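What follows is a structure written as structure tokens; I'll ask about it next.
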Amino acid sequence: SHPAPGEPMEIITAVRGFKDILPGETERWQFVEETARKIFSDFGFKEIRVPVLEKTELFRRSIGETTDIVEKEMYTFEDRGGESLTLRPEATASVMRAFLEHSLHGGDSVSKLFTFGPMFRRERPQKGRYRQFHQINVELLGSADPLVDAEVIHMLMLFLERVHLKNVSLEINSLGCPGCRPAFRKVLGQFLSQKEKDLCEDCRRRLGTNPLRVFDCKVEGCRAAVSSAPLLIDYICAGCAGHFREVQEGLKVLETGFSLNPRMVRGLDYYTKTTFEVTTKALGAQNAVAGGGRYDRLVKDLGGPEVPGIGFAAGVERLISLLPEGMEGVSRSPDLYVAALGPEAKKIAFRLCNGIRRQGFLAETDYSGRSLKSQMKRSDRLGAGYTLLIGENEIREGKALLRNMKDGSQGSIGLEGAEAQLLSLLKAR
Ligand code: AMP
């Protein structure tokens, strides 16, 4: 709506739960991403980039119809062409789609992939919980070996250590397989139906279809109901139990500490066998920093061949908020600041700065016509290595004053050939 005459126009703000990441903060993001890139590539993972928008069907089929995400959190809309599209609430489904669409399973028997990017879930925003948030995702396809589970979990823990995350705990569980889970589902369903009146509306509705979801419900009554419920881990088949044992042995060999959490089910339906979650005490209510698990049925359920897989997602906002102070100090400062006064000096600064930048150095100046004194101040504030001063006197004499900002020493250099002289100084730094 238009403001009344004379009223100032109101600014347009970001959408609730969507956040800007500002300079000063972006350096921390780069640090986290570069650390991930380095470690993942040491383990043989390659980057994949997938779109943020997918056909709604992809998420319905993979994440599961009776999960919170699909039931109430997806940003789904009808495209102008009448097609139902959804902003991705997680990355695994998209990576699986790309994997199948481009037959990535055709070449190497094992595909190791990672991706970074925004996810979208319409949850209630609060500290550490946003509607657009970012994840670092890892997926390993084509191996069912329990040592691979241990290796992927180990890589996650190594990554968290390298981004200086302290006081983290790793919890693991096994969710069984299509061979053993249905029988447990029945047992659990029977147990919970005796407590039906204590359950929230969602869980009551899911009793018949997906009683395991009750383990993931935050409502007090539901938590109390599952506290004495039978546990899946006591019902898994010999194959799943053996797999889980070997995962634990692998983790011990790699000296990766963990504890068992038989009540952890994760929020997505596609998991089989190993699941894991990393939490930290430093975060308050939203204490999960990463989670993942094995998904041996997912590729098949999406219409592909039988390809087992395992992966995880780490929440970048939460990692960033836990980075120790001082990590923002990696922001780059100018190598050279040119303080120029007057039209002639401005022209020289313009040419000089751009020449120096072409050689890979950070040169800064300003065209505001501020006094030399205030430009010097700005140079200091930006943390420049050198400041070159060009005022009217300097133009007249064909010389400029060069100050080494670190030790305060200064001297004059000729304006003729100044660029070459400055470059050799900067290269020697
Ligand atoms: P999930 O796919 O739900 O297991 O999420 C994996 C990780 O993403 C979590 O451990 C969090 O660190 C992060 N995460 C999930 N949802 C949000 C959200 N709404 N806001 C910020 N981070 C989130």
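As the structure lists them, so they are numbered: ligands from 1, and atoms in each ligand from 1. None of the values given here were measured: they were computed from a predicted structure. We're numbering straight along the sequence, starting at 1.
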- Note on the structure: Those residues with a heavy-atom separation under 4.0 Å from ligand 1 are Arg121, Glu123, Gly128, Arg129, Tyr130, Phe133, Gln135, Arg266, Ala288, Val289, Ala290, Ala313, Gly315, Arg318
- Item | Enclosure of Arg245 CZ (heavy-atom neighbours >12, cutoff 6.0 Å) | no
- Item | Donor-acceptor side-chain pairing of Asp380 and Tyr337 below 3.5 angstrom | no
- Using a cut-off of 6.0 Å, state whether more than 12 heavy atoms not belonging to Arg131 lie near its atom CZ.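 Enclosed.
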- Contact check, side chains of Leu147 and Glu246, non-hydrogen atoms, under 4.5 Å: no
- Which residues share a ring-ring contact (aromatic ring centres under 6.0 Å, His included) with Tyr271, sequence neighbours left out: none
- Do the ring planes of Tyr75 and Phe120 sit parallel (below 30°), tilted (30 to 60°) or perpendicular (above 60°)? perpendicular
